[in-house]
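In what follows, a single structure is set out as structure tokens and then discussed.
What you are looking at is a predicted structure, and each value in this text was computed from that prediction instead of being measured. Letters A, B, ... are given to chains in the order of the sequence lines, protein chains preceding strands, and every chain is numbered from 1.
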Amino acid sequence: MNGYVEAGYLAVLGVLAGYSALLLGRSRKMKKALLPVKVKEKRSEPGPTE
Amino acid sequence: MWRDALLIAAKDLKIELRSKVTMNQILPFAFVVLIVFAFALDTSPGTLAKVAPGLFWLAVLFSSVFGVDRAVAIETNDSAGEGLLAYGVDPGGIFLGKVISVFVQLFLLEIFLLLGVVVLYGPKIGGLPLMAISAFFATLGLCAAGVTYSQLASASRAKQTLLPLLLVPVASPVLLAGTKAWQDAFSTAASLGDPWLRLLIVFAVVYLALGAIFFGSILEG
Amino acid sequence: MGSLVSFKNVIVISGNFPILTGLDFEAGPGEIVLVKGRNGAGKTSLLRAVAGLARITRGSANVLGVDIAANPADVRHRIGLLGHEGFLYEDLTASENVRFVLKATRSDPSKAEAAMASLGLTGRLGDLKVAKMSAGQRKKVALAALLAREPELWLLDEPHASLDSWTRGVLDATLNAKVSRGATVLLVSHESHHGSLVPTRTVEVGGGKIISDTHATKPVPLDPLAVAEQGSGNVA
Amino acid sequence: MESKGYRWSRRAVGFVALLLVAATVVLGLWITPPDVVQGQLVRLIYVHPPVAWVAYLAYGVTSICSVLYLWKRTRNLKWDLLAASSAEVGVIFTGLTLITGSIWGRPAWGVWWTWDARLTTTALLFVLYLGYLALRRVPADNHQRAVRSAIAGLIAFIDVPIVHQSVVWWRTLHQSATVLNATLSPKIHGEMAMTLLLGFIAFTFVYVWMLMHRYQIADMEQSVLDVELEQLIEERQREPETYSDQTVLTQDVDQIDQPSKV
């Protein structure tokens with residue numbers, strides 16, 4: 001076409017894909033970080049009955 | 001609220017009279033800005049006279065950042081601001097008091113600065129009523145927005161950089177409208193029905209209202 | 001006689017750190033409560049919370065009949081807080097600072113003179129900028145403002161620190177007089193001696209809650225006047 | 001933690017968004033005809049206005065959530081997290097609006113940038129919300145941060161019409177160059193209009209998917225902090241007991257200090 005159109009589409013798709021990848025990565029990392037916390041929370045729950 | 005506002009304003013102005021921060025630091029800074037603009041832009045003799053209103057309001061905008069920062073900084077020393085809360089001073093009154101105090105200082109600064117502009121840039125001055133009234137509302141709006149944002153940013157350790165980032169874009173309409181109003185005042189089209197003056201009034205009213213409503217929540221936050 | 005301060009299971013969080021962790025505390029009129037505890041136990045935080053300056057995250061907190069978790073601003077002007085900071089403006093003089101506090105709290109500004117004089121802040125000292133004052137003198141200025149205000153509830157964080165013994169005596173005598181008229185004092189102190197100011201109760205704070213609460217002699221009698229008399233009679 | 005329903009609706013939204021964007025790209029780049037006036041350049045119309053719309057939508061959501069947090073009756077930290085998430089996505093889309101606008105402006109008007117009202121307002125909007133995100137990074141407790149950023153978010157939004165009006169008046173001469181005039185050109189084809197509509201829907205779905213994801217991350221971060229806080233409270237409550245031997249020691253010292261009191 002004329003270069004500008006391609007550049008525009010590429011910029012939009014590239015930035016959105018990049019941000020999505022960032023979100024997915026952060027989400028995965030947070031889920032991992034949340035797992036040990038959840039376990040700890042469960043372990044500390046029966047605490048008062050001891 | 002008004003009683004508290006006057007109390008705070010009187011106290012802040014008294015502190016300024018003693019410490020002379022605006023007088024000895026912010027005013028000279030504003031002049032430095034004027035002079036540096038002249039270095040950067042003085043390509044042909046007429047240029048500076050033509051852009052004088054814009055440069056004036058830019059210098060005021062920069063000075064207002066320091067002015068509102070100082071107004072909030074007064075209360076951080078010895079936790080004085082917390083003291084105000086502990087005394088039960090109305091937060092809206094604190095806000096208005098700070099706005100009044102900075103307004104008085106900034107308005108005086110503008111008078112000196114205008115003299116500087118006349119001497120250094122040599123524009124044709126005219127339409128004094130429009131100039132004065134638009135300067136009044138422009139300064140009021142700048143102070144209202146500035147005190148609000150200065151308090152918002154005050155919790156940050158990097159408040160010196162955060163405050164301009166927040167305040168300058170918000171206050172940009174004042175820069176535009178103030179400049180245009182003064183350009184109109186200098187030209188033959190000077191009338192108090194100037195649309196730019198109306199925009200300045202809207203800005204001042206909106207930010208005074210927002211500040212008075214939200215300042216308490218920011219302080220207590 | 002209701003209690004002036006009533007805290008139930010109060011949790012206060014500051015910057016994601018729990019400074020009070022479920023604190024229960026009551027204080028009635030005519031009491032002098034000594035708050036003890038090691039550094040970081042939450043003594044100062046307790047005072048700030050009672051003064052309505054700390055946001056109550058959980059629990060219920062009543063001070064002078066006002067729910068300070070919901071409306072802290074309604075009661076603050078009736079409480080006198082002397083913290084580590086004096087809330088003073090360096091560029092104002094001693095008497096200007098005291099007068100400002102009195103106007104801000106809607107108290108009688110003419111009382112400034114007498115309060116300052118009672119602490120020895122007279123003559124040129126009263127017209128000296130706070131910036132030029134020593135730590136002890138600054139404390140006197142903050143105290144003078146407090147004495148002139150005559151709050152119903154006195155929250156004093158290390159009030160005796162950096163004061164000379166003469167000023168301590170004046171302060172203690174003044175506080176005893178106020179307490180005998182029904183005022184309440186919460187006193188944070190690391191010191192063992194409190195001069196003539198004898199606590200009716202000692203609470204120990206640890207880990208952001210009260211860990212011990214001991215009455216000096218007997219449980220607080222109903223008549224505040226009697227408390228003061230017993231208190232002064234008990235000075236060793 | 002994320003519920004099953006939330007996860008599945010998020011995935012469905014993501015899937016639809018992907019499909020719609022792909023369809024918009026295919027239609028926009030290859031199926032639709034070039035414009036009589038603008039030529040191939042018209043193809044940018046299928047992305048630029050939709051992206052700009054999403055930016056405004058995102059800031060609108062941020063403002064609504066900010067109001068909901070500031071209003072005591074609806075106060076909930078979730079509104080704050082949602083406001084922040086929407087603002088972040090909004091900043092991404094504002095950036096894209098500026099980039100695509102600039103790419104369009106170069107061949108259309110011969111410049112990368114013009115001080116037209118819409119462009120200037122968008123640029124200021126970008127800076128304003130960058131400031132909002134910077135303010136959020138200032139360390140504070142949850143409520144403090146939520147109140148401050150809600151106020152900043154709301155003020156930024158209220159500022160938009162004022163800024164816009166001032167720049168419109170400032171730059172009256174450049175009005176003919178605005179994007180919207182071109183968009184509303186009556187010569188627009190039926191299938192072009194359909195593709196444009198599809199673009200709006202597609203990018204709105206992308207926004208919703210991103211918002212759901214970003215919010216979930218914020219929510220998870222918050223629950224980690226919450227759990228840590230509960231543990232801190234518990235630990236601190238146990239503090240006095242764990243140092244019990246030292247307590248005895250200090251009591252002894254106290255007694256030495258003041259024999260009169262015993």
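Residue D:His213 holds its NE2 atom at 12.0 Å from CZ of A:Arg26, rounded to the nearest 0.5 Å. The distance from atom CD1 of D:Ile217 to atom CG of A:Leu22, rounded to the nearest 0.5 Å, is 8.0 Å. Residue A:Lys29 holds its NZ atom at 11.5 Å from CE of D:Met220, rounded to the nearest 0.5 Å. Separation of atoms OH (A:Tyr9) and OG1 (D:Thr24) is listed at 8.0 Å; rounding is to 0.5 Å.
The part of D:Val21 that comes within reach of chain A is its side chain, from C-beta onward, which places non-hydrogen atoms under 4.5 angstrom from that chain. Of the two parts of D:Val206, only the side chain, counted from C-beta on, holds a non-hydrogen atom closer than 4.5 Å to a non-hydrogen atom of chain A.
Counting heavy atoms from C-beta on, the side chains of A:Leu23 and D:Gln216 never come closer than 4.5 Å.
Residue A:Val12 comes nearest to D:Thr100 through the heavy atom pair CG2-CG2, 3.3 Å, listed as atom of the first residue, atom of the second, then distance. Minimum heavy-atom separation, A:Leu16 to D:Met210: O-CE, 3.6 Å. Listed here is the closest heavy atom pair of D:Leu41 and A:Tyr4: CD1-CB, 4.1 Å. Taking both residues in full, the closest heavy atoms of A:Tyr19 and D:Glu88 are given as OH-OE2, 2.7 Å, listed atom of the first, atom of the second, then distance. Residues D:Ile99 and A:Ala11 come closest through the heavy atom pair CG2-CB, 3.9 Å. Minimum interatomic distance between A:Val5 and D:Gln40 (heavy atoms only, all atoms of both residues): CG2-O, 3.4 Å.
Comparing D:Tyr46, D:Phe93, D:Trp209 by heavy-atom pairs within less than 4.5 Å of chain A, the highest count is held by D:Trp209.
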